[in-house]
Undergrad: 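My questions all concern the structure below.
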Amino acid sequence: MMNNIFDSHAHYDDEQFDSDRSELLASLESKGVSGVVFCGVNIETSKFSVGTAHKYDYIYSAVGFHPLNLSDYKEGDLRVLKELCKDEKVVAVGEIGLDYHYEKESRPQQLELVEKQIILANELSLPIIFHDRESHEDTLNLLKKHRPKGVVHCFSGSVEMAKEIIKLGMYIGLGGAVTFKNAVKPVEVAKYVPDSRLLIETDCPYMTPVPFRGKRNDSSLIPYTAQKLAEVRGVSPQEILDLTAKNAKTLFNIE
Ligand code: NI
């Protein structure tokens with residue numbers, strides 16, 4: 001069995017976990033999971049993530065507004081986020097970012113709120129967890145402007161973009177998408193990313209790796225993603241897990 005699985009991006013608030021959340025979270029360590037960053041997407045889920053991190057030693061919390069949840073944003077919420085960030089189990093501001101695929105809120109609105117959250121993270125010396133969907137150019141411009149620490153999660157850009165992100169000192173998060181049959185760009189990126197900048201993630205309950213694609217994802221399925229990364233990088237899956245766990249602890253300042 002593989003161990004030292006550090007899932008750098010999970011959404012355990014999702015209703016798909018409602019029927020068995022406590023049992024699942026209590027079982028993950030026995031399945032080799034050593035760390036999870038539970039990402040909020042608005043105030044409610046951010047608070048839930050902090051509360052969950054206090055119940056389980058191996059769970060850490062990230063707090064923020066996801067670009068698809070901006071309609072939940074109310075005046076004063078940035079102050080609430082700032083207070084949450086002071087909690088000892090909060091290791092990042094996230095999940096924040098830009099989503100021009102669904103574009104639920106206008107681009108200017110998305111840009112305004114993500115920029116405020118990046119400034120908050122910089123002020124508190126916390127890394128960010130960034131979601132970039134079909135918004136590569138604006139993402140790069142923002143990251144160049146503010147130079148935050150952090151990770152671009154579920155990375156969907158080209159190798160050229162990965163190079164830019166790495167030049168800025170940030171990490172690349174890869175998940176189940178690298179195992180999909182039609183994965184070309186993620187596999188090229190998986191080959192390219194230097195050892196020191198690679199993180200592994202689920203984005204669960206979504207992005208379930210093959211052969212469970214379509215079913216609910218959780219952190220215990222990361223070995224299937226590690227297997228694929230190991231194949232393209234010419235190392236063992238356990239080496240991928242050890243490397244990405246070490247990187248996650250460095251980025252999120254754990255231990
Ligand atoms: Ni996510």
Side-chain angles (χ1 to χ4, degrees), residues 5-18 21 24-25 28 33 35-50 52-53 59-73 81 84 90-105 110 113-114 117-118 121 126-136 139 142-143 148 150-157 165 170-180 186 189 198-209 213-222 225 244 248 251-252:
I5 297 166
F6 197 114
D7 181 357
S8 60
H9 193 113
H11 297 282
Y12 282 117
D13 57 285
D14 193 278
E15 62 184 13
Q16 290 187 53
F17 296 112
D18 283 353
R21 183 177 293 104
L24 177 69
L25 295 181
L28 286 179
V33 177
V36 168
V37 177
F38 177 166
C39 300
V41 295
N42 56 18
I43 294 293
E44 189 194 348
T45 54
S46 293
K47 284 182 175 166
F48 185 61
S49 127
V50 174
T52 307
I59 296 184
Y60 299 87
S61 168
V63 299
F65 273 90
H66 188 287
L68 297 178
N69 298 77
L70 297 187
S71 58
D72 300 334
Y73 183 80
L81 276 187
L84 288 173
V90 173
V91 296
V93 173
E95 174 174 1
I96 66 173
L98 298 169
D99 195 310
Y100 295 171
H101 178 75
Y102 292 110
E103 209 171 336
K104 266 182 81 183
E105 308 298 330
Q110 292 192 39
L113 196 60
V114 79
Q117 293 182 94
I118 294 175
L126 283 173
I128 60 166
I129 297 174
F130 199 97
H131 167 105
D132 159 29
R133 185 143 187 216
E134 295 172 24
S135 58
H136 302 326
T139 292
L142 263 176
L143 299 178
V151 53
V152 179
H153 105 92
C154 195
F155 187 81
S156 59
I165 300 292
M170 293 182 74
Y171 290 74
I172 302 283
L174 294 175
V178 297
T179 69
F180 297 171
V189 168
L198 183 66
L199 295 186
I200 202 164
E201 64 173 58
T202 55
D203 203 14
C204 66
Y206 310 107
M207 305 300 283
T208 314
R213 192 175 179 185
K215 301 212 174 93
R216 186 183 79 175
N217 198 4
D218 72 63
S219 308
S220 71
L221 298 180
I222 277 199
T225 301
T244 51
L251 175 63
F252 297 119

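As a basis for the values below, the full set of heavy atoms in this structure was taken, side chains included, without hydrogen atoms, waters or symmetry mates. As the structure lists them, so they are numbered: ligands from 1, and atoms in each ligand from 1. Here, residue 1 is the first one in the sequence, and each next residue gets the next number.
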Undergrad: How about the Ni ion (ligand 1), which protein N, O or S atoms come within less than 2.8 Å?
TA: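 Short answer, with waters excluded from the count: H9 NE2, H11 NE2, E95 OE1, D203 OD1.
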
Undergrad: Please enumerate all residues that pass ring-ring contact (aromatic ring centres under 6.0 Å, His included) together with Y206, with sequence neighbours excluded.
TA: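 For Y206, no residue satisfies ring-ring contact (aromatic ring centres under 6.0 Å, His included) once neighbours in sequence are set aside.
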
Undergrad: Would a 4.5 Å heavy-atom cut-off, applied to side chains only, mark R216 and F17 as touching?
TA: yes

Undergrad: Look only at the side chain of S135 and the backbone of D99, and say whether a donor-acceptor pair between them is shorter than 3.5 Å.
TA: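 No.
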
Undergrad: Could you grab the distance from atom NE2 of H136 to atom OG of S156, nearest 0.5 Å is fine?
TA: 4.0 Å

Undergrad: Pairs under 3.5 angstrom only: tabulate donor-acceptor contacts from the side chains of residues 62-71 to other protein residues two or more places apart or in another chain.
TA:
from	atom 1	to	atom 2	distance (Å)
H66	ND1	L68	N	2.9
H66	NE2	E95	OE2	3.3
H66	NE2	H131	ND1	3.4

Undergrad: Could you tell me which residues satisfy side-chain hydrogen bond (donor to acceptor under 3.5 Å, both in side chains) with S219, sequence neighbours excluded, listed by chain and number?
TA: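 Counting only residues at least two positions away or on another chain, S219 forms a side-chain hydrogen bond (donor to acceptor under 3.5 Å, both in side chains) with D7, Y12.
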
